[in-house]
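Working notes for the structure below.
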Amino acid sequence: MTRTTASTMAKPTYREFKQLNLAEIDQEILAFWKERNTFQQSIDQRDPEHSFVFYEGPPSANGKPGIHHVMARTVKDLFCRYNTLKGYRVERKGGWDTHGLPVELQVEKELGITKEDIGKSITVDQYNAACRSTVLRYKDLWDDITRKMGYWVDLEHPYITFDNHYIESCWHLLRTLYDKRTPAGDSFLYKGFTIQPFSPAAGTGLSSHELNLPGCYKEVTDISAIAMFKVRREDRSAFLFEDEQEDVRILAWTTTPWTLPSNVALTVGPKINYVKVRTVSPYTGDPVSLVLAQDRLSAYFDPAGEGQPIDAYAPSDKILPYALAGTWTGNDLVGLRYEQLLPYVTSPDLEERGFRVIPGDFVTTEDGTGVVHTAPYFGADDFRACVANDVPFIGIPDDRGVIQPLVDRQGRFVDEMGEFAGMYVKPEYYPDDVRSQKDFKPTDLLIALKLKDDNKAFKIEKYKHNYPHCWRTDKPVLYYPLDSWFIRASAAKERMAELNRTINWKPAHTGTGRFGVWLQNLQDWNLSRTRYWGIPLPIWRTEDGDLEICIGSIEQLQKEIDMANKVLKLDQHVPNDLHRPYIDEIILVSHDGRPMHREADLIDVWFDSGSMPYAQWHYPFENEETFRRNYPADFIAEGVDQTRGWFYTLHAIATMCFDSVAYKNVVSNGLVLDKEGNKMSKSKGNVVDPFETINTYGADATRWYMMANADPWENLKFDEAGLLEVRNKYFGTLFNTYNFFALYANLDGFVNTSDDQVPYADRPELDRWILSKLHSLVRDVRRHFDDYEPTKALRALENFVDRHLSNWYVRLARRRFWRGEMSEDKRSAYQTLYECLMVVAQLSAPAAPFFSDWLYQNLTRSATDAGQPDSVHLTDLYEADTQRIDTDLETRMEYAQRICSLALSIRKREKLRVRLPLQKVMLPVLDSSFIQQVDGVKDLILSEINVKAIEYVTDADGLLVKQAKANFKTLGKRLGKDMKAAADQIAAFSNEQINALEANGSLALTINGVEHAITPEDLVITTEDLPGWKTASEEGLTVALDVHLTDELLAEGTARDLVNRIQNQRKEQDFDVTDRIRIRIQDEDHIRSAVAAFGQHIQEETLADALVVEARVTEGIQVELSDELTAIIHVERV
RNA sequence: AGUCUCGUAGCUCAGUUGGUUAGAGCGCUACACUGAUAAUGUAGAGGUCGGCAGUUCAAAUCUGCCCGAGACUACCA
């Protein structure tokens, strides 16, 4: 045997490795990418007009990156790399989100200040400077994780939301909205007020985010009151009254009695049934008729009281006497007017249009009375209901005639509130020393007591419920009307829903469900934030608010400043920094010559990030062409928590400003939890450090695990054991397969080139099979990636590498690599395995960019066809060659695998080791194509299970015992109820009946007197075990082994055992794979017969120049050949 | 509180338009195999498919209610 060995070659073509070290591979490939500028190349080599557009949702760099960022960014990177391979130009501009509350909070914490200090102990200027310096604090850490995890994104030229250019683009969008009109002529950017959470103690409004901070909702005990609202007697209400004296009142419940003086309406559910009961007022005993929801009656009236005489009641009695006196729907009650409950403040307008019953969908009968006391300034639902029903607000008009609430911004009743004037509406707002006084009574209680005294209370009691508190002052929040600037998103909601239906959501239910429902109930977007560090609202107004201007560009600002300078005799310039406080100092002028000041608000940071498609390019002031090519996005991805965040703001701005979607495909990934399924949090100490994980297991194992373990939109229970499994199972197997290839390719001097490929048709069955599987894999993986189904794609790859490539192809083809000299068969094996490795490297590249590139480079670097790219990420994705997908062949091989598996299980059961050859295997045949199929893979089966021959057993042999089972799928539809009886009959079919059915193609079955025609398709036929044989079967396939042993078979078995033990010796003694040896074996009967018959074979297999059997081999080693047999062997190098 | 998602072996997950023995990997036990060896094969143990009811000849799969987990939205008076 002549063979070029590694030692005689100058340099092996393919690198070989001792063991897999993914972290080391990361380093090697990172250095390579850096040196060759591979990322940039992968973009530059593609045509700008053939682009796949990706938007990076900007992270905030004032916090450290966590493992969940690795998750989100793996999804992003994967599809960007995949589409790059497909030939698209995928530009990936990075970005930083720099504004917002978390930044302010962190600064305040570090400086030890609160909002109250701003403008006092610290200037806005200093405060904002502190914010600016902190927002990119962890940029280095972020850059580092980005690089280490292999996330390709352009961090050299990121967009930054605090940048003047970025702000200018946002201003342009705001101006666009300001100019845009609804059909009714309303602007899309307007000032209005809504009911918002407000903390009087802190003097500031709170965002919903602040309200969702942990611990904000606390269980508190408040005083609740059911008030009795006296119905006015007039034509409209006549139906409620039975006689002149009747006192009819509507019951309404509240947990905030302090809002009762502000009551202007009672809201009922239009479809809810209401009853009138004649009863008494519990506190006074006066007769009264009460209206409440029928469903709530039993909550307040004990049935024992029904029909009891009313005049017998005394105020201390437990049971109220009552009598039902009519039922109406809410609709019937709508329009009824009632007397104001606590008439401190009123107006002619209110008397005219207020104090009446209105309808509302939000009313339920779960608690209360089914009637909602409605105070528009102190409840969002109340406010909407009043606006919708044209009920005026109650309050005191200010200088400009705007009606102000009866509670001021400190949380106190206004002066007009009589004996309540100046009282805080919540006890917590009083100083502690006041509250701790003995006779202190909360305002709620005082109001309740007044109602009681006035005979306006039905019931007063304590009530426990959850109520939001200000996270800063720990005092209860008030819902309070606040001025705000709004984007009229509700006017575009139909169009948003329409465009949303064209977006491909992953998973789909996020788009149709969570996002779709959200769009249906869309409210206007509250843009205002009363803060310091953010994009200033570019609107200037005169003091009375009559005239205003919205600035849409620096150029326009310059012009307006010039004009103001001229008219107002000022010397102002466009500030170098568009943030507060500089922008606040700018005074513009109205066309009638009055000064205009900037509205003090900043805009919601979500507007910043939703503007990124435009602002990242400073559109429309620059880069118009770049913008056009990069809009809208083909693909974005973020966590599912962004559904109402970034996903929404992108969509809203695109719809309103451009009548377009902002993205066509969107993947929302789930949360990363710890392995128990708990949320990761610093306080629990279960946070996974992404740097540590990547250093230990490598970036690829981390990425692969996250994508393959479960769909990315499911929550991931992050478990390190899973990383280890991925490392061993996928990368380990692939590594072994490559190393195997490299070892023998180097020995044989094999180099893969495109010009001497063995023609496909000439390749052996096994090669054509794995190639068929490979091209099926290409097709499947492409389809899954195209569908944004990374998990399915990766699992297909895992299945291929593990089951097909490693455990079948390489195992069966192994001998072809190490036996003999280079031949066409051998070359075919090398080329086939090479192709598999190359394609797998490429298909894995989007998910595992490091290992894949390493594998690709090992396969190509020193032995490459000219012009081959130097990185897998610069290649063009393979197309599935459908010519090579041979489903017949795949079926054949599946037969082979299953037959082998069954045969091996018989060997195991019968304790017949695989090295012991057997005479034959028998296969019962049920259809003719079976023989043809199995014959195609006959040799593989025989060698794999070490059997000499296959014998097919057909009907004609008279050995087959068939068993029929009903095919429920075909029969069930036709037979319905008779199915069970039919199944029983079919199961009892004899061989003859089955054969008759097969011969005639039909059979009549009588069930319950009805005849049904049965065809062969209606049966599933299997064979029972062959009598007298050792058999195994599963799912219609039966295998029988001839276990009869001859001397020759035994000798051959022993010979094989000897080969194996000798090979083990070679290995233990560290012989080179090509070393020649000399063997001596101690004489025994079984040894002698084995060597006599198979000595030649043993020598060939073990590269032995000599094989001698001696009476005594003293220096030999004793080895066990089987349970009974041993041998003493000595092996030495020649 | 509402909306949505999820609940299948000890763990992580598959399970097609409903079809009769509910699968895989990991882990565990036993035995093999190995010139790829931190692998691999075979066999075994391990399931009231969250619970209850319904539709159907037939339900892990469809419907309703309930329980549990999570996310989002929430002052429902």
Side-chain angles (χ1 to χ4, degrees), chain A residues 19-20 195 197 208 211-212 217 224 252-256 259 266-267 360 362-364 366-375 378-382 465-468 476-479 507 509-510 512-514 517-518 521 640-641 643-644 670-671 673 675 677 679 709-711 713-717 719 721-722 724-725 727-729 732-733 735-741 743-744 791 795 798-799 802 806-807 810-811 814-815 817-818 901 904-905 907-909 911 913-915 965-973 975-983 1035 1060 1063-1064 1066-1067 1073 1101-1102:
Chain A
Q19 58 175 4
L20 174 62
I195 312 308
S208 59
L211 230 46
N212 275 322
Y217 279 81
S224 74
W253 179 60
T254 180
T255 55
T256 51
T259 61
L266 294 171
T267 309
F362 58 92
V363 180
T364 68
E366 267 154 42
D367 46 23
T369 61
V371 180
V372 176
H373 144 62
T374 305
F378 305 115
D381 279 337
D382 304 36
H465 63 152
N466 283 313
Y467 196 83
V477 155
L478 233 49
Y479 285 80
H509 61 76
T510 301
T512 53
R514 188 184 287 198
V517 170
W518 158 261
N521 303 316
V640 68
D641 51 326
T643 307
R644 276 142 175 158
L671 274 74
L673 309 168
K675 69 175 176 181
K679 222 171 162 172
N709 187 64
D711 286 323
W713 37 89
E714 302 283 349
N715 290 347
L716 175 70
K717 290 184 195 167
D719 187 356
L724 206 62
E725 190 181 329
R727 182 209 167 283
N728 288 341
K729 192 97 196 146
T733 307
F735 168 83
N736 276 341
T737 308
Y738 165 76
N739 235 12
F740 171 84
F741 167 83
L743 174 70
Y744 291 107
T791 308
R795 286 180 182 177
E798 284 176 343
N799 192 41
D802 184 49
S806 173
N807 279 315
V810 173
R811 199 151 63 89
R814 208 157 37 194
R815 290 174 68 85
F817 291 92
W818 54 267
S901 163
L904 289 171
S905 84
R907 276 185 174 274
K908 153 83 186 161
R909 208 170 57 214
K911 296 195 192 312
R913 61 192 198 279
V914 180
R915 283 198 209 91
K965 209 167 78 177
N967 179 349
F968 283 80
K969 206 160 186 171
T970 61
L971 281 172
K973 285 192 186 95
L975 301 190
K977 274 193 180 50
D978 297 333
M979 188 61 224
K980 267 207 172 81
E1035 284 179 47
N1060 170 247
Q1063 299 288 29
N1064 288 349
R1066 289 183 58 112
K1067 207 173 164 192
V1073 190
E1101 290 289 313
T1102 59

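Numbers restart at 1 for each chain; the letters A, B, ... are given by sequence-line order, proteins then strands.
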Legend entry - Paired nucleotide for A30(B) [Watson-Crick or G-U wobble; both distances under 3.5 Å]: U42(B)

Inset, instruction - Please determine, for the side chain of D381(A), which listed nucleotide (C76(B), C6(B), A39(B)) has the closest atom? - result: C76(B)

Inset, instruction - Pick the C1' atom in G50(B) and in A58(B), then give their distance to the nearest Å. - result: 23 Å

Legend entry - Watson-Crick or G-U counterpart of C76(B), or none if no pair lies under 3.5 Å: none

Legend entry - Separation of the C1' atoms in C31(B) and A45(B), to the nearest angstrom: 15 Å

Inset, instruction - Under 4.0 Å between any heavy atoms, over every strand shown, what does F741(A) touch: base, sugar-phosphate, or nothing? Just pick one. - result: nothing

Inset, instruction - For L20(A) and for T254(A), locate the closest nucleotide of RNA chain B by heavy-atom distance; then report the residue assigned to the nucleotide nearer the 5' terminus. - result: L20(A)

Inset, instruction - Spell out yes or no: do the side chain of T733(A) and the base of A39(B) have one donor N/O and one acceptor N/O closer than 3.5 Å? - result: no

Legend entry - Distance in angstrom units between W518(A) CH2 and G2(B) C1', rounded: 14 Å

Inset, instruction - Looking only at side-chain atoms of V810(A), point me to the closest of A36(B), A38(B), U17(B). - result: A36(B)

Inset, instruction - Determine the contact category for G722(A): base if any of its heavy atoms lies under 4.0 Å from a base atom, sugar-phosphate if only primed atoms, P, OP1 or OP2 are that close, otherwise nothing. - result: nothing

Legend entry - Base-pairing assignment for A71(B) (Watson-Crick or G-U wobble, both under 3.5 Å): U3(B)

Legend entry - Rounded distance in Å between the P positions of A59(B) and U21(B): 13 Å

Legend entry - N807(A) side-chain N/O to U40(B) phosphate OP1/OP2 under 4.0 Å: no

Inset, instruction - Indicate, with a heavy-atom threshold strictly under 4.0 Å, whether N799(A) touches base, sugar-phosphate, or nothing. - result: nothing

Legend entry - Closest to the K969(A) side chain, choosing from G19(B), A71(B), A39(B): G19(B)

Legend entry - Nucleotide nearest N709(A) (side chain, heavy atoms from C-beta), chosen from G70(B), U5(B), U12(B): U12(B)

Legend entry - C1' gap between U17(B) and U12(B), integer Å: 28 Å

Inset, instruction - Please evaluate the base of A14(B) for a donor-acceptor partner in the side chain of R795(A) within a cut-off of under 3.5 Å? - result: no

Inset, instruction - Provide the distance between the two P atoms, one in U55(B) and one in G46(B), to the nearest whole Å. - result: 34 Å

Inset, instruction - Output yes when a side-chain donor or acceptor of R811(A) lies under 3.5 Å from a complementary backbone atom of N807(A), and no otherwise. - result: yes

Inset, instruction - Would you classify A380(A) as touching base, sugar-phosphate or nothing, given that sugar-phosphate means primed atoms plus P, OP1 and OP2, and contacts are heavy atoms under 4.0 Å? - result: base

Inset, instruction - Identify whether any heavy atom of A252(A) sits under 4.0 Å from a base atom; if not, whether one sits that close to sugar-phosphate; answer base, sugar-phosphate or nothing. - result: nothing

Legend entry - M979(A) CE - U56(B) C1' separation (whole Å): 14 Å

Legend entry - Any donor-acceptor N/O pair, T737(A) side chain to T733(A) backbone, under 3.5 Å: yes

Legend entry - Between A30(B) and G70(B) - C1' atom distance, rounded Å: 41 Å

Inset, instruction - Can you label the angle between the Y744(A) ring and the F817(A) ring as parallel, tilted or perpendicular, going by 30° and 60°? - result: tilted

Legend entry - Atom C1', compared across U56(B) and G64(B): separation rounded to whole Å: 16 Å

Inset, instruction - Nearest whole angstrom, please: distance from the C1' of C33(B) to the CZ of R811(A). - result: 9 Å

Inset, instruction - Let me know the distance between CG of N715(A) and C1' of C13(B), rounded to the nearest Å. - result: 15 Å

Inset, instruction - Indicate, with a heavy-atom threshold strictly under 4.0 Å, whether T737(A) touches base, sugar-phosphate, or nothing. - result: base

Inset, instruction - Heavy atoms only: give me the nearest N715(A)-L671(A) pair and the separation to one decimal. - result: OD1-N, 2.9 Å

Inset, instruction - Look through every strand shown and name the nucleotide pairing with U48(B) as Watson-Crick or G-U wobble, where both distances are under 3.5 Å. - result: none

Inset, instruction - Let me know the distance between CZ of R727(A) and C1' of U12(B), rounded to the nearest Å. - result: 19 Å

Legend entry - Exam field: side chain R795(A) to backbone N709(A), donor-acceptor pair closer than 3.5 Å: yes

Inset, instruction - Could you check whether N736(A) gets within reach of a base, just the sugar-phosphate, or nothing at all, counting any heavy atom under 4.0 Å? - result: base

Inset, instruction - Show your working on side-chain contact (heavy atoms from CB on, under 4.5 Å) between F378(A) and T256(A) and close with a plain yes or no. - result: CA-CA 10 Å; F378(A) 305 115; T256(A) 51; over 6 Å; no

Legend entry - Residue matched to U61(B) through Watson-Crick or wobble contacts both under 3.5 angstrom: none

Inset, instruction - Remember a base hit wins even if backbone is also touched, and classify S806(A) as base, sugar-phosphate or nothing at under 4.0 Å, heavy atoms. - result: base

Inset, instruction - Starting from C1' on A38(B), measure out to CG on L724(A) and report it in whole angstrom. - result: 9 Å

Inset, instruction - Kindly give the heavy-atom pair with the smallest separation between Y479(A) and I195(A), and that separation in Å. - result: CB-CG2, 3.7 Å

Legend entry - Nucleotide opposite A9(B) in a Watson-Crick or G-U pair, distances under 3.5 Å: none

Inset, instruction - Starting at atom NE2 of H509(A), determine the distance to atom P of G70(B), rounded to an integer number of angstrom. - result: 18 Å

Legend entry - Whole-Å P distance, A32(B) and U16(B): 40 Å

Legend entry - Complementary nucleotide of A14(B), counting Watson-Crick and G-U pairs under 3.5 Å: none

Inset, instruction - Using whole Å, report how far CD of E798(A) lies from P of A24(B). - result: 16 Å

Legend entry - Criterion side-chain contact (heavy atoms from CB on, under 4.5 Å) against T267(A), the qualifying member of D382(A), D381(A), T374(A): T374(A)

Inset, instruction - Return yes if some donor-acceptor pair links the side-chain N/O of D711(A) with the main-chain N/O of W713(A) below 3.5 Å, else return no. - result: no

Inset, instruction - Give a yes/no on whether any side-chain N or O of K729(A) is located under 4.0 angstrom from OP1 or OP2 of U40(B). - result: yes

Legend entry - Residue whose closest nucleotide on RNA chain B lies nearer the 5' end, A721(A) versus N739(A): A721(A)

